[in-house]
Novice: 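I'd like to ask some things about the structure below.
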There are 2 protein chains.
Amino acid sequence: MSDVAGPEIQRLIELLAKLPGLGPRSARRVALQLIKKRDVLMTPLADALTRAAEAIKTCSECGNLDVNDPCKICTAPGRDAGLICVVEDVGDLWALERAHAFSGRYHILGGVLSALDGVRPDDLNIAKLIERANREETREVILALNATVDGAATSHFLSDRLKDAGVEISSIARGVPVGGELDYLDDGTLAAALKSRRPS
Amino acid sequence: MSDVAGPEIQRLIELLAKLPGLGPRSARRVALQLIKKRDVLMTPLADALTRAAEAIKTCSECGNLDVNDPCKICTAPGRDAGLICVVEDVGDLWALERAHAFSGRYHILGGVLSALDGVRPDDLNIAKLIERANREETREVILALNATVDGAATSHFLSDRLKDAGVEISSIARGVPVGGELDYLDDGTLAAALKSRRPS
C-alpha cells in the first residue's frame, strides 16, 4: 500500500482505522472517498476537526464537552439546578438530550468502576459530584449509568458516597423498552420489569 | 443535538455522517471519540487531511491518485509499460497492488457505463486509454472491471473501441474464488468457472 499511493494516504488510512467502527478495509474506502471529494468533504472535514479541536473544552462543573466552560447546560437559566443526572459518558448526555426527557443538569462520571479494566474511584469524576451534591441548591441526584454489572456496582458505590449529602438519590428505571417484546427480552430485564411493576 | 454541544460538534457530526459506511449514530460515536482523544487522534487527523488534500493529485497519465503527476506507478522503471490494466477505480488498483500480482501499469476508468446512472462514454477516462493503447510500446490491455452487468457491458464497449489499436485485449478470469465452496456460489460464477476450465 504505502509504496502505491505514498505516505500521505497511508498516514490518513492509519488514522481513520483508529476510529471506532472502522477497520483497515473501511478506512481505505473512507480515505478514497475523501480524496475523491477533496473540495466538498476532505477540506471541510479538516477545517471542522481543527476548529473543534481548538474550541471544545471540558466543562469544569459537569464534565460535558462544549465550547464554553461552564457548558451551555450548566449555565442555562431554564434548567433545574436542583436535579443532577449522573451519566457515564457525554454520549449518554446526548442521548438523554435527544429524548427531551430531562430538564435538570448533568454530571459526567467519565466511566464506571471496573476491577477488570483497573478503573478506581479516583479515576472518575466523583469528588466534584460529592461537592455538587452538598450544595444548598441540590435536591436530587439521579443515577443514570448503563445497566451493566459495572454500572450497577458504580451506582451502588455512588449511593453510598452520597448518602451524607442530604439529597434524594434515585436510579432510572429498568424494564421492558418501548416496543420491546417479552419473548425476546433477557431474564434480568423481565425480572427487573416485574419487580418495578406499578399500579395502572 | 445542536443546542447541546454547539455548532462545532454538530458540523463535525454532519460531515462524518457523509463518509461511506457511517450513519448519524456512528458519526456521533466517532465525533465523541475524536473529541476525547483530541491530541492523539483529532489534531493528527486534521493535519493528515489537510496535507493529503494539498498534496494529492490525479495522475494525468493513468488517473491514479498520488502526490506526483505522473504517478509513482507510471514512472516506476521496473514496471512493464507494455501492459495496461484497466480498472474502474483507484480502490481496485490498490486491491491489485496489495495482491502483488501485476507489474504493468494501470488505467483508472473512473467508473463504468451505466444507462441507469446516466454514465456515458464521455464521462469516463476512455479517450486517454485509446491514446495510450495506440502507443508503440503498448502490447496488451487487460480489462479488470468488476464482474457486474455494467462492468461486463463496459468491457465489451472497450474491446470494441480498442480493436483498431493493434494491441492484444484480455479480461481477467472469472471463476471460483480461492477458498470458495461450490455450494455457496451463484449460478453465473459456476457457469463461468466451467466454461473457462483448464486442463490440470
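Throughout, protein chains are lettered first and strands after them, A, B, ... in sequence-line order, and every chain is numbered starting at 1. Atoms considered below: every heavy atom in the structure, side chains included; atoms not considered: hydrogens, waters and symmetry mates.
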Novice: Specify the closest pair of heavy atoms between A/Leu12 and B/Ala52, including all atoms of both residues, with the distance to one decimal.
Specialist: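 The pair with the smallest heavy-atom distance is CD2-CB, 4.3 Å.
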Novice: List the atom of B/Pro20, the atom of A/Val30, and the distance in Å for their closest heavy-atom pair.
Specialist: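 The pair with the smallest heavy-atom distance is O-CG2, 3.7 Å.
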Novice: Please determine whether the number of non-hydrogen atoms from other residues, nucleotides or ligands lying under 6.0 Å from atom CG of B/Asp186 exceeds 12.
Specialist: yes
Novice: Please lay out, stage by stage, how A/Met42 and B/Glu54 fare under the test side chain to side chain contact (heavy atoms under 4.5 Å, CB included).
Specialist: CA-CA 10 Å; A/Met42 199 179 208; B/Glu54 280 165 5; over 6 Å; no
Novice: When heavy-atom pairs shorter than 4.5 Å are enumerated against chain A, which of B/Glu14, B/Lys37, B/Arg29 gives the highest number?
Specialist: B/Arg29
Novice: Can any side-chain N or O of A/Arg38 pair as donor or acceptor with the backbone N or O of B/Ile56 at less than 3.5 Å?
Specialist: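 Answer holds: yes.
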Novice: Looking only at heavy atoms and a cut-off of under 4.5 Å, which of A/Ala76, A/Ala48, A/Ala55, A/Ala53 has the most pairs with chain B?
Specialist: A/Ala53
Novice: Who among B/Asp89, B/Asp39, B/Leu22, B/Val40 has the most heavy-atom pairs with chain A under 4.5 Å?
Specialist: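 Top option by heavy-atom pairs under 4.5 Å: B/Asp89.
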Novice: For the candidates B/Leu45, B/Leu16, B/Thr50, B/Thr58, which exhibits the highest count of non-hydrogen atom pairs separated by less than 4.5 Å from chain A?
Specialist: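 If we count pairs closer than 4.5 Å to chain A, B/Leu45 comes out on top.
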Novice: Can you say whether B/Asn68 sits under 4.5 Å from chain A via the side chain, the backbone, both, or neither, judging by heavy atoms?
Specialist: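 Contact with chain A: none, neither part.
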Novice: Can you confirm whether A/Arg51 is buried at CZ, in the sense that more than 12 heavy atoms of other residues, nucleotides or ligands lie under 6.0 Å from that atom?
Specialist: no
Novice: For B/Leu34, is it the side chain, the backbone, both or neither that has a heavy atom under 4.5 Å from a heavy atom of chain A?
Specialist: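 Contact with chain A: side chain only.
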Novice: Do the side chains of A/Val90 and A/Phe102 join up, straight or via other hydrophobic residues, at under 4.5 Å, putting them in one cluster?
Specialist: yes
Novice: Give the cluster check for B/Val67 versus B/Leu93: same hydrophobic cluster or not, with ILVMFWY residues linked at side-chain heavy-atom distances below 4.5 Å.
Specialist: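 Shared cluster, yes.
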Novice: Quick check: do B/Gln33 and A/Leu19 have side-chain heavy atoms less than 4.5 Å from each other?
Specialist: no
Novice: Counting only heavy atoms not in A/Glu137, do more than 12 sit closer than 6.0 Å to its CD atom?
Specialist: yes
Novice: Restricting to non-hydrogen atoms, name the atom on B/Leu65 and the atom on A/Ile35 that form the minimum distance, rounded to 0.1 Å.
Specialist: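 Smallest interatomic distance, heavy atoms only, reads CD1-CG2, 3.5 Å.
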Novice: For A/Leu49 versus B/Ala46, what's the shortest heavy-atom pair and its separation?
Specialist: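 Looking at all heavy atoms of both residues, the shortest contact is CB-CB, 3.7 Å.
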Novice: Which atoms of B/Ser26 come close to chain A, meaning under 4.5 Å heavy atom to heavy atom: side chain ones, backbone ones, both, or neither?
Specialist: neither
Novice: Surrounding CZ of A/Arg25 (heavy atoms of other residues, nucleotides or ligands, distance under 6.0 Å), is the total greater than 12?
Specialist: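 No, the 6.0 Å shell around CZ holds no more than 12 heavy atoms from other groups.
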Novice: Verify the cluster assignment for A/Leu162 and A/Val112: are they in a single hydrophobic cluster under the rule of side-chain heavy atoms below 4.5 Å apart?
Specialist: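 Same hydrophobic cluster.
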Novice: Does B/Leu194 CG have over 12 foreign heavy atoms under 6.0 Å away?
Specialist: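 Enclosed: over 12 neighbouring heavy atoms sit under 6.0 Å from CG of B/Leu194.
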Novice: Please determine whether residues B/Ile172 and B/Phe157 belong to a single hydrophobic cluster, defined as Ile, Leu, Val, Met, Phe, Trp and Tyr linked transitively by side-chain heavy-atom distances below 4.5 Å.
Specialist: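 The answer is no; the residues belong to distinct hydrophobic clusters.
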